[in-house]
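Keep in mind that what you see is a predicted model, and the values were worked out from it rather than measured. Each residue takes its place number in the sequence, starting with 1.
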Amino acid sequence: MISPKKLILLTFSALGLIIVAKSDRTLSLEKDEKELVRSLTSINKLAIKSFQTEHGDILDCIDINKQLAFDHPLLKNHTIQLMPTTIPKWNISNNKNSKNGDSVPFRQDDISCPSGTVVVKRITQEDLIQSQRLKSMGSKYSRHISSEGKNIELTGFHFAVAEYRHQVFGAKVNFSIWEPEVSPTQFSSASMLIAQGSKEQFQSVRAGWIADGFIKTGCYNILCPGFVQVSARIPLGILFGPVSVYDGPQYEVGIRIYKDGSTGDWWLVVYDENVGYWPNSLFTKAGLGHGASLVAYGGEVYSPVNEKSPSMGSGHFPSEGYSKAAYVNNFEVVEGSVASKPLFPVTLFSSTPNCYKASLTGKKKVWYNAIFFGGPGKCV
């Protein structure tokens, strides 16, 4: 069983995957040790102050102007935006009578980075190797929607999601947090994706949590220039805990991604904290430069073809409902300057419904805009 410390905040973009994984090969410590050392030297910037977590990870306070984001050629002369200039007016609650899980705070009270710095997780050789393995698998859901479901090989990948296909400028969800059981060669994730375009013009940004069997895997954007960190409290790759318990306490994390109406940057907000943003200069007019046409949220898993697929979410089907099935609730979209309940219904999609499903209701409806998702897996 995977331990709670391996449930991490995951953020990545289609742009980042192209930049980092364009060679489509996996690094190995034996063959590429020198290359690994060079990569780590480039990735890990000079620390002004450092902390070690209870899990053994090292968090560094680094100069905000010298973070990895600015190794990206399009950001050489970028001016950092410490705060968004426009913020959508989010609704506080979907339903006053709804049942919500407890929000999981980021408990790292001993972190105090100096002014002018941001906090980042220090990358190790192990992190780099295992993250390369995960990126080599990629996300087949992203490829599936970018190609409109045509000519995409889904062997080993399974997903159960809700899709909202209308023009939007942001979205908000709360994910329940679980610890799916996975083997050393599998992953099981829950995330929200915002996308625009198709085929070569497809662009997306995404955030959520992931459980993988690779010991510790940091978020993609730690290893990929492009995402500008502004938070001195929440590093990408943070470890989530506690996790939800079947028929017991439920814990969740709130995630928002939205486009700044003035600058065009796409902001990531976690625990009501502005973590950072993807600068508008990274996006094309045909992509996310002028908004998005899809929001998707739910679960995705991967397993090699010679293994039975892992569980998704709680490992139980949506029909079991609250406290037993994984959920996403409080779904809101930004279609102007104000966030609201979606004007149109979402579409549910499951690539392997005998193993994983998504449903708007369990045994009874406990939120207005909620889905339950997941399943026991064991597909081959």
Next on the checklist: The test is side chain to side chain contact (heavy atoms under 4.5 Å, CB included); show your working for I62 and T117 and say whether it passes.
Outcome noted: CA-CA 5 Å; I62 65 170; T117 67; 5.9 Å; no
Checklist outcome for this item: Between I255 and the options V269, V328, L268, the side-chain contact (heavy atoms from CB on, under 4.5 Å) test singles out L268
Checklist entry - Where does the angle between the aromatic ring planes of Y302 and F157 fall among parallel (under 30°), tilted (30 to 60°) and perpendicular (over 60°)? => result tilted
Item to check | Donor-acceptor contact present, side-chain W266 to main-chain L288, <3.5 Å | outcome: yes
Checklist entry - Just by distance, with hydrogens left out, do D265 and T263 show a side-chain donor and acceptor under 3.5 Å apart? => result yes
Checklist entry - Between L282 and H72, does a side chain to side chain contact (heavy atoms under 4.5 Å, CB included) hold up when you go through it step by step? => result CA-CA 9 Å; L282 299 177; H72 194 293; 3.5 Å; yes
Next on the checklist: Taking the ring centre of each residue, are Y164 and H166 less than 6.0 Å apart?
Outcome noted: yes
Item to check | Any donor-acceptor pair under 3.5 Å from N274 side chain to G276 backbone | outcome: no
Next on the checklist: What I want to check is whether the side chains of S50 and R122 have a donor and an acceptor closer together than 3.5 Å.
Outcome noted: yes
Checklist entry - How about P342 and E335: do any of their side-chain heavy atoms sit closer than 4.5 Å? => result no
Checklist entry - So do T185 and S303 actually touch side chain to side chain, heavy atoms under 4.5 Å? => result no
Next on the checklist: Please check: side-chain N/O of Q229 versus main-chain N/O of S231, any donor-acceptor pairing under 3.5 Å?
Outcome noted: yes
Next on the checklist: Treating S311 as the side-chain partner and P376 as the backbone partner, does any N or O pair qualify as donor plus acceptor under 3.5 Å?
Outcome noted: no
Checklist entry - At their closest point, which heavy atom of N65 faces which heavy atom of F70, and how far apart are they? => result O-CD1, 3.5 Å
Checklist entry - Distance-only, no hydrogens or angles: does the K341 side chain make a donor-acceptor pair with backbone N or O of V333 under 3.5 Å? => result no
Next on the checklist: Given 3.5 Å as the limit, does a donor-acceptor pair link the side chain of S244 with the main chain of Y251, or not?
Outcome noted: yes
Checklist outcome for this item: For T86 and Y258, the nearest pair of non-hydrogen atoms, with its separation, is O-CE1, 3.5 Å
Checklist entry - Roughly how far, to the nearest 0.5 Å, is CG of L294 from CG of L193? => result 6.0 Å
Next on the checklist: Under 4.0 Å between a side-chain nitrogen and a carboxylate oxygen: does that hold for E300 and R206?
Outcome noted: yes
Checklist entry - Under 3.5 Å, is there a donor-acceptor pair linking the side chains of S293 and Q167? => result no
Checklist outcome for this item: OG1 (T85) and CH2 (W267) are apart, to the nearest 0.5 Å, by 9.0 Å
Item to check | Taking every non-hydrogen atom, the tightest pair across E252 and N174 | outcome: OE2-ND2, 3.2 Å
Checklist outcome for this item: Smallest heavy-atom separation, L59 atom then P235 atom, equals CD2-CG, 4.0 Å
Item to check | Inter-residue atom distance K45.NZ - I43.CD1, 0.5 Å rounding | outcome: 8.5 Å
Next on the checklist: Set out, in order, the CA-CA distance, both residues' side-chain angles and the distance that settles side chain to side chain contact (heavy atoms under 4.5 Å, CB included) for L360 and L348, then state yes or no.
Outcome noted: CA-CA 8 Å; L360 289 175; L348 302 177; 4.1 Å; yes
Item to check | Minimum-distance pair of heavy atoms, taken over all atoms of S176 and W209 | outcome: O-NE1, 3.1 Å
Next on the checklist: Using 0.5 Å steps for rounding, measure from the CD1 atom of I257 to the OH atom of Y277.
Outcome noted: 16.0 Å
Next on the checklist: I'd like to check the salt bridge (Lys or Arg N to Asp or Glu O under 4.0 Å) partners of E307; sequence neighbours left out, ordered by chain and number.
Outcome noted: none
Next on the checklist: Measuring from atom NZ of K172 to atom CG of N329, what distance do you get when rounded to the nearest 0.5 angstrom?
Outcome noted: 8.5 Å
Item to check | From CA spacing to verdict: side chain to side chain contact (heavy atoms under 4.5 Å, CB included), L236, V275 | outcome: CA-CA 8 Å; L236 297 180; V275 177; 3.8 Å; yes
Next on the checklist: Take a 6.0 Å sphere around NZ of K308 and say whether it holds more than 12 heavy atoms from other residues, nucleotides or ligands.
Outcome noted: no
Checklist entry - Below 4.5 Å, heavy atoms only, C-beta onward: do L68 and F227 meet side chain to side chain? => result no
Item to check | Side-chain ion pair, R256 and D272, N-O less than 4.0 Å | outcome: yes
Item to check | Any side-chain heavy-atom pair of F175 and M192 under 4.5 Å | outcome: yes
Next on the checklist: Please check this pair: side chain of S351 against backbone of F159, looking for a donor-acceptor N/O pair closer than 3.5 Å.
Outcome noted: yes
Item to check | Straight-line distance of S204 OG to I194 CD1, nearest 0.5 Å | outcome: 10.0 Å
Checklist entry - When you measure from the side chain of Q203 to the backbone N and O of G197, does any donor-acceptor pair fall under 3.5 Å? => result no
Item to check | Same apolar cluster: V173 and F344, side chain cutoff 4.5 Å | outcome: yes
Item to check | Flag, side chain of S314 to backbone of K324, donor-acceptor distance under 3.5 Å | outcome: yes
Next on the checklist: With a 4.5 Å cut-off on side-chain heavy-atom distances among I, L, V, M, F, W and Y, is there a chain of contacts connecting V295 to W278?
Outcome noted: yes
Item to check | H158 and Y356 aromatic ring geometry - parallel, tilted or perpendicular at 30°/60° bounds | outcome: tilted
Checklist entry - With distance as the sole criterion, is a donor-acceptor pair present between the side chains of Y297 and E163 under 3.5 Å? => result no
Next on the checklist: When you measure from the side chain of K259 to the backbone of G289, do you find a donor-acceptor pair of N or O atoms at a distance under 3.5 Å?
Outcome noted: yes
Checklist entry - Do you know the tightest heavy-atom contact between S42 and D71? => result OG-OD2, 3.8 Å
Checklist entry - Side-chain contact, heavy-atom cut-off 4.5 Å: S189 with V301? => result no
Checklist entry - Do I80 and I64 touch side chain to side chain, with heavy atoms closer than 4.5 Å? => result yes
Item to check | Validation row: Y322, Q250 side chains within 4.5 angstrom (heavy atoms) | outcome: yes
Checklist outcome for this item: For residues 40-83, the disulfide bond (SG atoms under 2.5 Å apart) pairs (sequence neighbours left out) are C61-C113
Item to check | N77 CG: over 12 foreign heavy atoms closer than 6.0 Å | outcome: no
Checklist entry - Only one of T124, I58, I123 forms a side-chain contact (heavy atoms from CB on, under 4.5 Å) with N44, so which one is it? => result I123
Checklist entry - Do the side chains of V334 and F169 get nearer than 4.5 Å, heavy atoms only? => result yes
Checklist entry - Above 12 or not: heavy atoms from other molecules or residues under 6.0 Å from NZ of K285? => result no
Item to check | Under the side chain to side chain donor-acceptor pair (under 3.5 Å) test, residues paired with H290 that sit two or more places apart | outcome: none
Next on the checklist: Ring-plane angle category for H316 and Y246, please: parallel below 30°, perpendicular beyond 60°, tilted otherwise.
Outcome noted: parallel
